[in-house]
Amino acid sequence: MRRTHRCGELRPAHLGQQVTLMGWVRARRDHGRLIFLDLWDHQGVTQVVADPRASADAHGTMHAIRDEYVIAVQGVVRARPKGTQNPELATGEIEVAATAVEVLNATAPLPFPTDDADSVDEVLRMRYRYLDLRRASMQRNLRLRHKAVKALRDYLDGDDFVEVETPVLTRSTPEGARDYLVPSRIYPGSFYALPQSPQQMKQLLMVGGVDRYYQVARCFRDEDLRADRQPEFTQLDLEMSFVEQEDVLSLVESMMVHLVRTLAPDRRLTVPFPRLTHDEALDLYGTDKPDLRLGMPLVDCTALLGESEVRIFSDVVAADGRVKGFCAPGYGTASTADLEALQSLSRTLGAEGIIWLQVTSHGVASPVARHLTPEEQRGLVEALGAAPGDLLILVAGATDVIHGALDGLRRDVGRRLSLAAADLAFAWVVDFPLLKWDGEERRWNAEHHPFTHPQPDDLDRLTTDPGSVRASCYDLVCNGWELGSGSLRVHERALQEQILALLAFTPEEAEASFGHLLEAFDYGAPPHGGFAVGIDRLVAILAGTDTIRDVIAFPKTRQASDLTMRAPAPVTPAQLDEIHLRVVPRKA
RNA sequence: GGGGGCGUAGUGUAGGGGUUCAACAUGCCGGCCUGUCAAGCCGGAGAUCGCGGGUUCAAAUCCCGUCGCUCCCGCCA
């Protein structure tokens with residue numbers, strides 16, 4: 001038997017045709033005489049009927065068949081009797097009357113149902129990922145991912161980009177995340193590293209005159225996992241020569257708009273994407289990846305409360321801290337339990353706690369209300385733009401701490417109030433600082449990476465006031481996710497050496513780690529810049545899921561293990577010998 | 001590394017010291033049934049409650065430890 005059609009394909013136009021379908025059995029319905037089953041493949045479902053009068057053999061086989069058996073059905077397409085059509089099925093007007101049924105593979109009862117109805121423990125889903133992938137939502141996600149990548153490739157292909165593959169076995173570089181290392185058999189004691197990103201390679205491609213490069217690149221970082229972080233992940237990595245920041249932003253923005261208009265035309269977009277400076281983002285939302293769907297910007301109330309009788313406020317202000325807060329519209333209905341949950345969340349996030357005020361038509365209700373003057377109460381309501389029925393949430397403390405806490409509180413309140421619509425709230429965050437101070441190690445670190453070009457206006461402060469130098473660096477955020485980031489790169493040897501020196505590399509270390517790049521800059525490196533989009537996150541947002549695991553065929557667990565392949569796993573002593581390694585058990 | 005959540009028949013859940021505490025749904029096995037489509041009806045099998053220890057006359061239930069999954073912080077240039 002050979003398959004003639006897919007399971008979602010047959011229509012009344014095929015009536016009378018002899019067809020052969022192959023697929024998985026779903027929902028067998030045995031009426032004794034008539035037996036129905038739904039034959040499923042990735043494309044759809046067709047009802048198959050066995051009638052003992054038509055074929056005793058086919059009927060007998062279908063009696064013995066169970067759910068998820070893989071079968072081939074030969075039969076005739078016929079119209080369903082009046083009143084038995086199923087309008088919920090694309091193939092619902094027809095059915096296939098089986099004349100021959102062949103079991104291609106019998107199936108044991110599945111460890112969990114594939115019908116999407118119940119949520120199943122993720123251990124099982126991961127262990128039997130191939131069964132999980134039979135579920136409609138996972139099928140949708142995988143195909144959405146394929147279409148998204150194709151749309152991005154098509155867009156770049158139409159704009160003179162060329163996809164170039166770069167090595168996965170490459171060199172460990174200092175800074176950044178922990179590398180995944182691969183021992184060398186041929187060079188005892190030496191290691192390849194899996195790339196954290198193709199950053200240096202794509203810069204070398206620019207020196208090589210490629211001009212516009214992209215790659216759907218697998219990247220590896222040996223750090224702890226999150227819902228939006230896997231140790232291996234995929235970036236749409238791109239780089240362009242002879243460009244300014246604006247060129248990169250506008251290319252990426254049109255590419256994303258193209259993608260959304262192609263794949264999700266009903267999702268609302270704000271175009272052009274709003275732009276925030278890094279400072280503005282922190283000031284307004286306490287984070288550099290704000291979810292703009294939520295509204296509720298932060299307001300600084302420090303000046304308003306500096307003289308307050310409320311000790312928490314005055315103490316913090318006296319200690320050079322700040323008081324900031326936001327207004328949760330309509331959340332005056334928060335119960336005591338809700339408020340306690342917010343208190344506890346704020347402490348988890350490192351703050352001392354929150355001060356809440358319920359705004360009513362005759363003032364504010366709050367544990368601290370009687371310690372606030374009428375002017376202070378009015379001032380707060382006005383500054384936070386509150387109306388009766390709203391809840392004000394204030395946090396006092398050091399700026400970093402209250403920003404972290406308010407960011408978390410704002411997102412939590414957003415969830416509680418279901419403020420996140422189906423929009424795709426893209427935004428650019430620009431003007432990142434070039435460097436950040438590492439207080440513990442008492443040295444500067446690159447905010448983005450060491451190859452980021454300082455903004456030209458700030459170049460002269462590189463020696464006098466490094467912390468104030470802004471970078472030509474930009475992030476794309478969407479719905480509270482960091483979707484991608486990029487920068488203009490240093491292409492001048494002297495400047496790169498100066499920056500590496502600021503990052504506490506001795507000339508010898510710089511030469512050892514980045515000599516190949518520095519040397520390349522001597523041989524005609526064009527000005528260049530680029531970007532990288534996190535494909536897993538992008539598809540997760542489009543798919544409407546909370547975790548990138550749902551858009552990765554075989555993801556890893558929180559403990560970085562692959563439950564399907566059971567990796568990582570020990571290897572034989574002979575294998576270790578070959579790569580000159582000995583495993584030393586960790587001392588207890 | 002730190003904090004939180006979860007773990008009970010194949011699956012999803014209920015039960016929160018004793019006395020229908022091992023239950024419900026679904027799946028599975030068998031039977032009946034000419035039109036179902038999450039088929040229906042009847043019958044049956046299936047869990048020593050993740051694992052180990054402790055408290056107690058008595059533990060699925062309380063305590064400690066451990067393992068696994070998960071969320072957040074740290075970390076992620």
Side-chain angles (χ1 to χ4, degrees), chain A residues 26-40 45-54 59 66-68 80-89 91-92 95 97 108-128 131 173-179 196-197 199-200 219-231 233 341 344-345 347-351 401 404-405 407-408 411-412 432 434-436 438 440 444-452 471 473 482 485 487 499-500 503 513 532 534 546-547 549 556-559 561 563:
Chain A
R26 296 258 166 103
R28 183 174 144 282
R29 305 175 290 280
D30 190 340
H31 289 239
R33 286 292 192 84
L34 284 186
I35 304 174
F36 301 91
L37 60 78
D38 293 338
L39 194 63
W40 174 91
V45 162
T46 302
Q47 174 165 284
V48 176
V49 200
D51 185 333
R53 289 171 308 186
H59 183 269
R66 292 297 178 265
D67 273 2
E68 298 292 329
R80 295 194 188 190
K82 250 206 178 81
T84 67
Q85 295 95 341
N86 185 345
E88 308 207 337
L89 229 54
T91 59
E95 63 194 6
L110 264 37
F112 58 89
T114 53
D115 60 10
D116 255 7
D118 292 318
S119 65
V120 175
D121 188 90
E122 214 163 345
V123 183
L124 277 173
R125 292 181 55 200
M126 298 287 203
R127 170 128 186 256
Y128 301 99
L131 298 180
T173 53
E175 302 243 349
R178 195 176 293 117
D179 282 319
Q196 298 180 26
S197 97
Q199 179 61 33
Q200 293 183 54
C219 305
F220 305 86
R221 294 177 189 175
D222 188 3
E223 296 291 347
D224 284 349
L225 290 78
R226 289 280 193 284
D228 63 349
R229 270 166 34 191
Q230 285 269 307
F233 60 100
S344 137
L345 174 63
R347 295 196 178 109
T348 304
L349 294 167
V401 171
D407 170 41
R411 283 185 283 140
D412 189 62
F432 278 75
L434 183 71
L435 306 164
K436 64 177 171 232
D438 181 334
E440 257 176 46
W444 293 104
N445 273 326
E447 169 79 29
H448 183 50
H449 59 53
F451 319 112
T452 306
C473 180
E482 181 189 321
S485 67
S487 62
I499 289 171
L500 289 173
L503 297 173
S513 298
D546 290 332
T547 164
R549 292 190 299 275
K556 299 204 170 28
T557 70
R558 182 61 239 272
Q559 302 304 324
S561 66
L563 295 181

### Task
Return the nucleotide paired to B/G65: Watson-Crick means purine N1 to pyrimidine N3 with N6-O4 or O6-N4, wobble means G-U with N1-O2 and O6-N3, both under 3.5 Å.
B/C51
### B/U36 pyrimidine/purine six-ring stacking with A/Phe36, under 5.5 Å and 30°
yes
### Task
Send over the distance from A/Ile35 CD1 to B/G40 C1', rounded to a whole Å.
15 Å
### Task
Would you indicate what A/Thr84 reaches in the nucleic acid, counting non-hydrogen atoms under 4.0 angstrom: base, sugar-phosphate, or nothing?
base
### Task
Would you mind checking if A/Arg29 and A/Asp38 are paired as a salt bridge, meaning a charged N to carboxylate O distance below 4.0 Å?
yes
### Query
Within the structure shown, what part of the strands sits under 4.0 Å from A/Glu88 by heavy-atom distance: base, sugar-phosphate, or nothing?
nothing
### Task
May I ask you to say what A/Gln85 touches in the nucleic acid, namely base, sugar-phosphate or nothing, with a heavy-atom cut-off under 4.0 Å?
base
### Query
Using a cut-off of 4.0 Å on non-hydrogen atoms, how would the nucleic acid contact of A/Glu482 be classed: base, sugar-phosphate, or nothing?
nothing
### Query
So, is A/Arg28 close to the B/A38 phosphate, meaning a side-chain N or O under 4.0 Å from OP1 or OP2?
no
### Query
Under the 5.5 Å and 30° test, is A/His31 stacked on the base of B/G35?
no
### Task
Report the glycosidic orientation of B/G16: syn if within 90° of 0, anti in every other case.
syn
### Query
What nucleotide among B/U34, B/C37, B/C76 has an atom nearest to a side-chain atom of A/Glu223?
B/C76
### Task
Describe the nucleic acid contact of A/Pro450 in one word from base, sugar-phosphate, nothing, applying a heavy-atom distance below 4.0 Å.
base
#### Entry: Euclidean distance, atom CG of residue A/Asn86 to atom P of B/A39 [Å, nearest integer]
11 Å
### Message
Taking any heavy-atom pair under 4.0 Å as a contact, classify A/Thr46: base, sugar-phosphate, or nothing.
### Response
nothing
### Task
Determine the contact category for A/Glu447: base if any of its heavy atoms lies under 4.0 Å from a base atom, sugar-phosphate if only primed atoms, P, OP1 or OP2 are that close, otherwise nothing.
sugar-phosphate
### Task
Would you indicate whether the side-chain heavy atoms of A/Gln559 and A/Leu225 approach each other to under 4.5 Å?
no
### Counterpart residues, ring pair (Phe, Tyr, Trp, His ring centres under 6.0 Å), relative to A/Phe36 (two or more places apart)
A/His31
### Message
Does A/Asp222 reach a base, just sugar-phosphate, or nothing at all? Heavy atoms under 4.0 Å.
### Response
nothing
### Summary
Answer for the Watson-Crick or wobble partner of B/C41, both distances under 3.5 Å, is B/G31
### Query
Base, sugar-phosphate, or nothing: which does A/Glu122 touch, judged by heavy atoms less than 4.0 Å apart?
sugar-phosphate
### Query
Which part of the nucleic acid, if any, lies within contact of A/Leu124, taking any heavy atom under 4.0 Å across all strands shown: a base, the sugar-phosphate backbone alone, or nothing?
sugar-phosphate
### Summary
Out of B/U70, B/C73, B/G12, minimum distance to the side chain of A/Val120 belongs to B/G12
### Message
Within the 4.0 Å heavy-atom criterion, would you say A/Arg549 contacts the bases, only the backbone, or no part of the nucleic acid?
### Response
sugar-phosphate
### A/Arg29 side chain, from C-beta outward: closest of B/C37, B/U11, B/C72
B/C37
### Summary
Rounded to whole Å, CD of A/Glu68 lies from P of B/G27 at a distance of 13 Å
### Query
Counting any heavy atom closer than 4.0 Å, what does A/Ser197 reach on the DNA or RNA strands: base, sugar-phosphate only, or nothing?
base
### Query
Considering Watson-Crick and G-U wobble pairs with both distances under 3.5 Å, what does B/U26 pair with?
B/G10
